[in-house]
Colleague: 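One structure coming up, written as structure tokens, with questions to follow.
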Amino acid sequence: MSLESTAGVQPAPTALGEFRELIGGSSAFWVGKRLFDIGMSLVLVLFLLPVAALLLLLNPMFNPGPLIYRQQRMGRDLLPFTAYKFRSMLPAETITRSADDPIEEERITRLGRLIRKARIDELPQILNVLGGEMSLIGPRPDYYEHAREFLTQIPEYRARHLVRPGISGFAQVTLGYAEGIDATRAKANADLAYIRNVSLALEVRIFWMTLATVLSRRGA
């Protein structure tokens, strides 16, 4: 079954329990995926620490404010969790951007634009992976309040939370940043295609597509 043929899955009802059958892959695959997440994250921590030390030195000059940005996002089973990132925007007390608004480009600092291009801002989410809230690969988690809005407007959106969200994912590497309801609906369909067709081959494909995106410095 191709990814394209599964993109238009039927709208999800209100309970995730009714959609467990959508999850592809064997029990052994999911256990192996979790063990790989832990092992690779422990290796990546060795990269995270020097990057954090360097940003601590650069932040006062080029990105004044806290080093780490914390945001509540929607995770597996629709539960909220706190995601960690290296801060790339000017600090704000509250998020005023609605779910349909474009990203606030004017708030991105010079250093922040650089680390976003290199995807270095996502590195602290390794800690979320180690904590079991995220996976290296899976549906990208949205800001919790925006996710609650999407749940009411996009029937397919609910079922993408059947699995752990990921630092990178199929929708992210194929569709890019989702802006607006139509783009988020396409993202949800792509995420459901991933969930139904999950396999080692697909994980490897997403990994290499992510690596190509990082090395080419595409996107924000």
Side-chain angles (χ1 to χ4, degrees), residues 29-76 79-93 95 103-105 107-144 147 163-173 176-177 194 200 202-220:
F29 168 83
W30 288 103
V31 171
K33 177 177 169 67
R34 179 60 187 152
L35 292 176
F36 179 81
D37 281 345
I38 295 171
M40 182 57 69
S41 295
L42 289 173
V43 172
L44 290 173
V45 165
L46 300 178
F47 181 60
L48 171 65
L49 294 177
V51 170
L54 177 61
L55 291 178
L56 271 175
L57 295 175
L58 296 177
N59 263 13
M61 294 178 287
F62 303 107
N63 193 20
L67 175 66
I68 298 294
Y69 175 66
R70 298 169 177 82
Q71 186 182 72
Q72 191 177 60
R73 297 191 179 184
M74 185 171 287
R76 185 171 60 172
L79 297 174
F81 73 97
T82 301
Y84 303 103
K85 296 181 67 173
F86 286 129
R87 185 181 52 81
S88 61
M89 291 182 164
L90 295 172
E93 290 187 9
I95 294 179
I103 192 169
E104 299 164 294
E105 293 279 349
R107 288 184 52 222
I108 302 176
T109 65
R110 285 185 296 167
L111 180 60
R113 197 169 300 278
L114 176 63
I115 65 175
R116 288 170 73 93
K117 282 284 186 181
R119 299 302 196 276
I120 292 174
D121 62 320
E122 309 283 359
L123 262 180
Q125 288 170 30
I126 293 168
L127 303 177
N128 290 115
V129 176
L130 288 172
E133 298 155 325
M134 293 183 67
S135 177
L136 293 175
I137 294 174
R140 286 288 297 155
D142 288 321
Y143 173 53
Y144 190 74
V163 299
R164 287 186 180 92
I167 295 178
S168 184
F170 181 69
Q172 184 182 22
V173 297
Y177 180 76
Y194 163 79
L200 179 59
L202 182 54
E203 296 283 298
V204 172
R205 177 183 172 189
I206 295 171
F207 170 79
W208 286 113
M209 292 177 74
T210 301
L211 186 61
T213 299
V214 171
L215 293 178
S216 65
R217 298 181 63 177
R218 296 196 302 266

Colleague: Please examine the side chains of Arg119 and Thr213, heavy atoms only from C-beta on, and report whether any two atoms are closer than 4.5 Å.
Modeller: yes
Colleague: Return yes if some donor-acceptor pair links the side-chain N/O of Arg164 with the main-chain N/O of Arg76 below 3.5 Å, else return no.
Modeller: no
Colleague: Return yes if some donor-acceptor pair links the side-chain N/O of Asp121 with the main-chain N/O of Gly112 below 3.5 Å, else return no.
Modeller: no
Colleague: A quick test of your reading: do over 12 heavy atoms of other residues, nucleotides or ligands sit less than 6.0 Å from OH of Tyr144?
Modeller: yes
Colleague: Is any side-chain heavy atom of Leu44 closer than 4.5 Å to a side-chain heavy atom of Val129?
Modeller: no
Colleague: Is there a side-chain contact between Arg116 and Phe86, using heavy atoms and a 4.5 Å cut-off?
Modeller: no
Colleague: Any donor and acceptor pair, going by atom type alone, linking the side chain of Asn128 with main-chain N or O of Glu133 inside 3.5 Å?
Modeller: no
Colleague: How far apart are the closest heavy atoms of Gly138 and Tyr194, and which atoms are they?
Modeller: CA-CE2, 4.0 Å
Colleague: Heavy atoms, side chains only, cut-off 4.5 Å: are Met74 and Pro141 in contact?
Modeller: no
Colleague: Side chains of Arg205 and Phe170: does their closest heavy-atom pair fall under 4.5 Å?
Modeller: yes
Colleague: Between Arg73 (side chain only) and Phe81 (backbone N and O only), is there a donor and an acceptor less than 3.5 Å apart?
Modeller: no
Colleague: So do Phe207 and Met40 actually touch side chain to side chain, heavy atoms under 4.5 Å?
Modeller: no
Colleague: Is any side-chain heavy atom of Leu211 closer than 4.5 Å to one of Trp208?
Modeller: yes
Colleague: Drop me the distance from Gln72's CD to Thr82's OG1, to the nearest 0.5 angstrom.
Modeller: 6.0 Å
Colleague: Heavy atoms only: give me the nearest Ile206-Gly169 pair and the separation to one decimal.
Modeller: CG2-C, 3.9 Å
Colleague: Below 3.5 Å, can you tabulate the donor-acceptor pairs from side chains in residues 47-66 to any protein atom, sequence neighbours excluded?
Modeller:
from	atom 1	to	atom 2	distance (Å)
Asn63	OD1	Arg87	NH1	3.0
Asn63	OD1	Thr109	OG1	3.0
Asn63	ND2	Arg87	O	2.8

Colleague: If every non-hydrogen atom of Met134 is compared with every non-hydrogen atom of Ile167, which pair is closest and at what distance?
Modeller: CE-N, 3.7 Å
Colleague: To the nearest 0.5 Å, tell me how far Leu200 CG sits from Phe36 CZ.
Modeller: 9.0 Å
Colleague: Holding to side-chain contact (heavy atoms from CB on, under 4.5 Å), I want the full list of residues that pass it with Gln172, two or more places apart in sequence or in another chain.
Modeller: Arg140, Ser168
Colleague: Which heavy atom in Ser41 sits nearest to a heavy atom in Leu136, and how many Å separate them?
Modeller: OG-CD2, 4.0 Å
Colleague: Please list, chain by chain and in numerical order, all residues satisfying side-chain contact (heavy atoms from CB on, under 4.5 Å) with Trp30, sequence neighbours excluded.
Modeller: Ile23, Lys33, Val163, Val198
Colleague: To the nearest 0.5 Å, how far apart are OG in Ser88 and CD in Glu122?
Modeller: 8.5 Å
